[in-house]
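Contents: one structure, followed by commentary.
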Number of protein chains: 2
Amino acid sequence: MYILPYIAGAMASLIQEIQSPISEDIKHFEAKFRESMKSRVMLLDTIMSYIVKRKGKQLRPMFVFLTAHLCGGVNESTHRGAALIELLHTATLVHDDVVDDANYRRGFFSINALWKNKIAVLVGDYLLSRGLLLSINHGDFEMLRIVSDAVREMSEGELLQIEKARNLNITEAIYYEIIRQKTASLISSCCGVGAASACQDEQVIQRARIFGEKVGMAFQIKDDLFDYTSADIIGKPVGIDIKERKMTLPVIFALNKASRSEKDHIINIIKNESHKPRKVAEVIDFVKASGGIEYSFTAMNGFREEAFALLSQFPASPYREALEKLVNYTIEREK
Amino acid sequence: MYILPYIAGAMASLIQEIQSPISEDIKHFEAKFRESMKSRVMLLDTIMSYIVKRKGKQLRPMFVFLTAHLCGGVNESTHRGAALIELLHTATLVHDDVVDDANYRRGFFSINALWKNKIAVLVGDYLLSRGLLLSINHGDFEMLRIVSDAVREMSEGELLQIEKARNLNITEAIYYEIIRQKTASLISSCCGVGAASACQDEQVIQRARIFGEKVGMAFQIKDDLFDYTSADIIGKPVGIDIKERKMTLPVIFALNKASRSEKDHIINIIKNESHKPRKVAEVIDFVKASGGIEYSFTAMNGFREEAFALLSQFPASPYREALEKLVNYTIEREK
């Protein structure tokens, strides 16, 4: 399949185009989400409105609503499902501010930097519990199961990645397992929740979940590629994964192709010298020279093709078309 | 009601005495809990066995099982409920290690000190999700609602306390609201889950929850008193609440009784000079001289009496007797 080489300027209007069949759903959702965050603790309310302001492009609700339309139509439980995932995702973002020790996220200061770790953890727990109560009080148990499963996978995947960072000799198979758990499980749960809110056919729900998983795999490979291909420091600075000893597909591929001595040399840099920018640049050059970038792009496109193949099993509709565009947007986006 | 002046040595045998009518339940529970923590990520398994080792006196499961017996009897869902609460509580303890920046807990190094904040947060999320899945997969939705509500209350209560630490002028009413949310809600949910697993009578479940809440209030007042009455540094060092600007009942009472100038003087110490041990000692002396300690003990006993009054509405049994002892143990324990 031919992929349009989207340029940054076209991205904003593309989002509008994708959202057009679900623009009412998104509007209704935003109101519901704001409502679900209210608290009588002032400090919480302040943080919540800050969180609502820094909301992203709503990619997750878009997956939920488009999948629901694909599987029978959006209803009230779809809206609660989208809010559940957004509450959950925001909770993990807030917790991630602790986890990544990040000083900024999307150009704002992180919750962590502003209010310290302790508040970040408590706010994360609070959001999580609000999401749970929203689902429990409405009997959305199948959705809750899908989403709890995603929480389990995400934390397990992150921990697996940390475990493997100690032992740099990781295989492609382990890399795929890590990104499936830590990233793909979330998009998979968006599509699963959308489908489960709209129909009860286990096969259809399962297909939607695997579709989301494939998109998530392609998304994370692309995200990991930014570390090698992105030239500026808006968002994530280049080479930060190497500094954190995160072994991603480009370097895993390159190391597997390298000679024993070359491999030892690169591993030694990652282990002991990754605080030196010149050394990080050496690793990046090594990965590029080995063809690790092209290899990863090919792998990414493989997952995208699998996603499209699953999508084509759903009947054609404006929603399916929008989902196709959303898949490409998710993968082709600039950082 | 006359309260035995328990001495430390008698405490261990008292625990055995309380556990005797539920010793089989506790044994079964411990096995189930270990099982529910298993993961194929090695790092997680290491941390989990470390967590299992540092388990406390099982007060929470004891409340769950004794209340269930009081309300009709223990069954499989009681066991899952106890595991859910323990998973949840362990998750918040692990998160608390981040929150409190604690360097030790019960004499062990905290998860946080050993593996850093990021892992602590992820492990907490993982435990939470395992608890959720355990309940969801067995359809224990009423218990899940009770426990999610407790998570919401606990995080909201902690945040309320942080918010109020900025403004030291807090009332007794706000203090009670904070400890009800951050502490009493957990014991309340233990009793609620025990009752909900054993019967469907809303009135009985509600009575069990309020009973647990009263116990939790008394427990927290006692815990806050340790900051003023405990002389050694095993556990929490004396005066640490003052250093953290946590306004608890003894000092709130003392400040309300004080003259304007005395009040300003003490508030100024807490705000600006609480890093000086001599100044902290001055605050402690001020609280003692004002009768803040006796006042708080009286308040604590008031909540205990309320708890006993609720308990007396359940039919007499060895379980009720054990619960009475458990209430006293919870409140009378040495730090």
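Proteins get letters first, then strands, A, B, ... in listed order; numbering begins at 1 in each.
Remark: B:Gln161 CD to A:Leu122 CG distance equals 10.0 Å, nearest 0.5 Å. A distance of 6.0 Å separates CD in A:Glu156 from CG in B:Leu44, rounded to the nearest 0.5 Å. From A:Phe141, atom CZ reaches atom CG of B:Leu144 across 8.0 Å, with rounding to the nearest 0.5 Å. The CG atom of A:Asp125 lies 6.0 Å from the OG atom of B:Ser155; values are rounded to the nearest 0.5 Å.
Residues A:Arg145 and B:Leu133 approach most closely at O-CD2, 3.8 Å, considering heavy atoms.
Remark: A:Glu172 CD is packed, more than 12 non-hydrogen atoms of other residues, nucleotides or ligands lying under 6.0 Å away.
No other option in B:Met154, B:Gln181, B:Glu142 has as many heavy-atom pairs under 4.5 Å with chain A as B:Gln181.
With a threshold of 4.5 angstrom between heavy atoms, B:Asp149 approaches chain A through its backbone and through its side chain. Only the side chain of B:Arg130 has a heavy atom closer than 4.5 Å to any heavy atom of chain A. Contact of B:Glu177 with chain A is made through the side chain alone, with heavy-atom distances under 4.5 Å. In this structure, chain A has a heavy atom under 4.5 Å from the side chain of B:Leu128, while its backbone stays farther away.
Distance alone, capped at 3.5 Å, is enough to place a donor-acceptor pair between the A:Glu163 side chain and the B:Met42 backbone.
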